Amino acid sequence: DPKIIQKPKYLVAVTGSEKILICEQYLGHNAMYWYRQSAKKPLEFMFSYSYQKLMDNQTASSRFQPQSSKKNHLDLQITALKPDDSATYFCASSQTGGAGAEQFFGPGTRLTVL
Amino acid sequence: GDQVEQSPSALSLHEGTGSALRCNFTTTMRAVQWFRKNSRGSLINLFYLASGTKENGRLKSAFDSKERYSTLHIRDAQLEDSGTYFCAAGGTNAYKVIFGKGTHLHVLP
């Protein structure tokens, strides 16, 4: 059974629209993260949450808003979508948010913005 | 900022041979992880090290935080080992890991 679920697996959106990427983890972890991988670039850290509190935000744009309704959920709302937002978005989690904690990744959501 | 330099970017090996991947860090990292991206695009955890070495089957990894590097050794390569391997390290910011650009491994018959 998958321990980190991301929905949907694929998503196509039009420029200017809004989408929500879903992430749920069933590992009992207390920290969750979002990363993005654009074409031919390494995975880039976006956000980290620990016990549902934002710990770090490396995303310049306010169009990206994480939402944590439960400890094991960290969704990502993206507004006013642009073609440059096209990427695979990975959710991850770790037992704690402590120094260098081992992170486990979901399968990703591949977003294409037309 | 913290950087992770992964090499080589691509590697071809014949079945049964071996090689090493390497990640160099520009600052002291607290821990390193190695992943393999499978055919579905999922990141599979291979190793997590805060220090020293670990071995799992034909894979072995080492991490030296003082010398700022980590290695992943593959021996007796098999066709199914083909894929993209990434290192990722946690540095001064405890809440994120920084990824290398990946090594595309192609195992040849």
Side-chain angles (χ1 to χ4, degrees), chain A residues 1-6 8-10 23 25 27 29-59 66 74 87-111, chain B residues 1-7 9-10 21 23-52 54 56 61 63-65 68 70 83-104:
Chain A
D1 291 337
K3 300 298 185 183
I4 302 179
I5 296 171
Q6 288 190 245
K9 186 171 177 61
Y10 301 100
C23 179
Q25 56 91 3
L27 294 165
H29 288 169
N30 298 305
M32 296 185 71
Y33 313 82
W34 278 102
Y35 291 79
R36 171 172 55 191
Q37 186 171 30
S38 304
K40 299 186 178 180
K41 289 187 177 180
L43 272 83
E44 298 172 305
F45 171 85
M46 298 179 72
F47 299 97
S48 62
Y49 270 66
S50 181
Y51 293 94
Q52 295 186 265
K53 291 185 179 179
L54 178 67
M55 304 307 296
D56 196 2
N57 175 358
Q58 298 282 317
T59 302
L74 186 65
T88 300
Y89 291 81
F90 289 95
C91 173
S93 70
S94 61
Q95 180 63 49
T96 67
E102 185 176 11
Q103 296 187 13
F104 295 83
F105 284 75
T109 292
R110 183 177 294 180
L111 172 65
Chain B
D2 299 343
Q3 297 291 331
V4 175
E5 299 165 356
Q6 186 172 345
S7 63
S9 58
L21 314 181
C23 282
N24 292 323
F25 313 119
T26 56
T27 60
T28 299
M29 297 296 186
R30 298 182 182 185
V32 68
Q33 290 186 241
W34 284 92
F35 299 90
R36 178 174 170 270
K37 197 174 234 188
N38 68 11
S39 58
R40 295 182 178 183
S42 296
L43 288 168
I44 308 301
N45 288 45
L46 297 176
F47 292 102
Y48 168 79
L49 297 98
S51 65
K54 286 186 179 178
N56 184 2
S61 183
F63 173 47
D64 189 326
S65 60
R68 300 181 182 178
S70 177
T84 304
Y85 292 77
F86 294 93
C87 69
T92 54
N93 181 324
Y95 293 99
K96 70 176 184 181
V97 293
I98 304 166
F99 276 79
K101 292 185 177 180
T103 296
H104 301 283

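The shown structure was predicted, so the numbers you read here are calculated from the model rather than taken from an experiment. Sequence lines set the chain letters: A, B, ... in the order given, protein chains first and strands last, and positions in each chain run from 1.
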Residue A/Gln37 versus chain B: region with a heavy atom under 4.5 Å: side chain
Any B/Val32 side-chain heavy atom under 4.5 Å of B/Cys23 side chain: no
Among B/His104, B/Lys101, B/Lys37, B/Arg36, side chain to side chain donor-acceptor pair (under 3.5 Å) partner for B/Thr84: B/His104
side-chain contact (heavy atoms from CB on, under 4.5 Å) against A/Ala92, all qualifying residues, sequence neighbours excluded: A/Tyr33, A/Tyr35, A/Gln103, A/Phe105
Per-residue contact mode, A/Tyr49 against chain B (heavy atom under 4.5 angstrom): neither
Neighbour count above 12 (heavy atom, 6.0 Å) for A/Lys41 NZ: no
Chain B contact via A/Thr88 - side chain, backbone, both or neither, heavy atoms under 4.5 Å: neither
